[in-house]
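This report refers to the structure that appears directly beneath it.
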2 protein chains.
Amino acid sequence: MSPTKEDYLKILFELGGRTEQVPNKEIANRLSISPPTVTEMMNSLVKAGWVVYTPYKGSKLTQEGTDYAKKLIRKHRLWEVFLVKHLGFNINEVHPEAELLEHSTSAELADRLEAYLEFPEYCPHGGAISTELMEEQEVSTVHLTEAVLGEPVRISRIVDEDKLLQYFENHDLRIGDRVTVTGRDSGLDLLTLNHGTTDKEIQISQTIAQYLFVEHI
Amino acid sequence: MSPTKEDYLKILFELGGRTEQVPNKEIANRLSISPPTVTEMMNSLVKAGWVVYTPYKGSKLTQEGTDYAKKLIRKHRLWEVFLVKHLGFNINEVHPEAELLEHSTSAELADRLEAYLEFPEYCPHGGAISTELMEEQEVSTVHLTEAVLGEPVRISRIVDEDKLLQYFENHDLRIGDRVTVTGRDSGLDLLTLNHGTTDKEIQISQTIAQYLFVEHI
DNA sequence: TTTTAAATTTAGGGTAACCTAAATAACAAC
DNA sequence: GTTGTTATTTAGGTTACCCTAAATTTAAAA
Ligand SMILES: [Mn+2]
Ligand SMILES: [Mn+2]
Ligand SMILES: [Mn+2]
Ligand SMILES: [Mn+2]
């Protein structure tokens, strides 16, 4: 498996390809490549048994594809923990580094690293590391966009993609922060929040708010 | 730069391409690829400014190529130290892992890792990590084949290549061991050693003994 | 100095992973 | 249900990195 193919599997997983058909365009957008390239790659991933692909509809991961993706995500997140906890990297710097390291990590190395880090449960962006916690996180967490108006919640996870991390950092939204959704305007795609710590009002895009997960307090 | 190209630069450095012209065949052997592929790659490395290539003669690294190779080797050795010292890997297992990790390591990551490891001087195979020490090691170390008969020496470095590490491990020769060359037969390509610790007699190939470096005690 | 052997290059191919432009299919709107 | 928009596929092309077979150059031997 090439790093390229591995990244396709990971993106597929992150876009819900474990349970739903993911359209080519979403993959093309996320990886910043052209749609024909995605078509080609999907055929290749089907041939290798990682993906089930329905032309014009989209792709789903097979069980093997799902397992492979989970292993990659675990490696990615373990490196992020190491980089932050031991090497003193800033939370917003580690994602691109882990995006590379994940492809150069044997199962043996991942296991030893995990033990060295004393079996951390979450990456610095709130993503679960163990398979069990990953499953649990899928069902238990709520998108910020689904939070009840007026009810305070705590930010538990940020989908880690360089530009997203930048966006939320710019709006002073970080893992662990308490926020309360005070308003929603679907027409304008706006979400208004009250930040629990600073008591300031924050406005963010509803579309982008989908990449923030929260839990009830 | 691709991992592939990076490995070519590293091999070139290891084969003495900093000072001498390295024939294509040596590179082909070391990387287990065909000679035409090497020719092609050398032309590409010339175009990128890493190498000076004389057709039918061989390749030398430019200053930029040399610097690049040294950076890669430093990253490689830092990872080896980390894997052995912190993750508990066996000395003979870390080379293949580092061979991958070196290509996924930013300058920032290498610097932080080096500080975290408290600026180690040598990798587990005795290779120098800092640029200065690398230079010094070039001139100060002696091939085992050049050791004076009857004079005890200490093994200071093993050229790290999977099969070589295996070979020396199989013959109970390790970094730090004291040995004395007791006999040489160039016709039979044999070198006889007395192992300082066990007092046993060891026979190894002279050709392969070139990959062992020693220092006088 | 011719002959032979070894190293190298040239020629011709192959696959992976990308691209653009054009054709087609699916879906929504009128 | 025709029309228009968007997503997708097909067609054709590029670069990187690998190959084998054949031609060529260099170096060694006779
Ligand atoms: Mn990440
Ligand atoms: Mn990646
Ligand atoms: Mn090594
Ligand atoms: Mn390598």
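Convention: sequence-line order gives letters A, B, ...; per-chain numbering from 1. The shown structure was predicted, so the numbers you read here are calculated from the model rather than taken from an experiment.
In this structure, A:F89 has its ring center no closer than 6.0 Å to that of A:F82. Note: B:H76 and B:H95 meet the aromatic proximity criterion, with ring centroids under 6.0 Å apart.
DNA chain D is contacted by B:E40, B:M41 of residues 40-49 of chain B, taking any non-hydrogen atom closer than 4.0 Å.
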Can you name the atoms? Protein N/O to nucleotides 5-9 of chain D N/O, anything below 3.5 Å, with the distance.
from: D:dA7; atom 1: OP1; to: A:K25; atom 2: NZ; distance (Å): 3.2
from: D:dT8; atom 1: OP1; to: A:N24; atom 2: N; distance (Å): 3.4
from: D:dT8; atom 1: OP2; to: A:K25; atom 2: N; distance (Å): 2.8
from: D:dT8; atom 1: O3'; to: A:Y56; atom 2: N; distance (Å): 3.4
from: D:dT9; atom 1: OP1; to: A:Y53; atom 2: OH; distance (Å): 2.1
from: D:dT9; atom 1: OP1; to: A:Y56; atom 2: N; distance (Å): 3.1
from: D:dT9; atom 1: OP2; to: A:N24; atom 2: ND2; distance (Å): 2.5
from: D:dT9; atom 1: OP2; to: A:T39; atom 2: OG1; distance (Å): 2.7
from: D:dT9; atom 1: OP2; to: A:Y53; atom 2: OH; distance (Å): 2.5

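OP1 or OP2 of D:dC17 has at least one side-chain nitrogen or oxygen of B:K5 nearer than 4.0 Å. When the side-chain nitrogen and oxygen atoms of A:Y8 are compared with OP1 and OP2 of C:dA16, none of them lie within a distance under 4.0 Å.
The existence of a salt bridge linking B:K10 and B:E99 is confirmed by a sub-4.0 Å separation between a basic side-chain nitrogen and an acidic carboxylate oxygen.
Protein atom CD1 of B:I33 is 13 Å distant from nucleotide atom C1' of D:dA16, rounded to whole Å. Here C:dA17 presents its P atom at 11 Å from CG of A:L9, a figure rounded to the nearest Å. If you measure from atom NE2 of B:H103 to atom P of D:dA16, you get 18 Å, rounded to the nearest angstrom.
No side-chain N or O of A:H143 forms a donor-acceptor pair with one of A:Q210 less than 3.5 Å apart. A donor-acceptor pair shorter than 3.5 Å can be found between the side chains of A:N24 and A:Y53. Using modelled atom types, one finds a donor on one side chain and an acceptor on the other under 3.5 Å when comparing B:Q63 with B:D67. In summary, the side chains of B:S59 and B:Q21 do not present any donor paired with an acceptor at a separation below 3.5 Å, with no hydrogens or angles considered.
Backbone-only engagement by B:T4 is indicated by non-hydrogen atom pairs under 4.0 Å involving sugar-phosphate atoms exclusively.
Annotation: salt bridge (charged side-chain N to carboxylate O under 4.0 Å, His left out) contacts involving residues 81-97 of chain B, sequence neighbours excluded, are absent.
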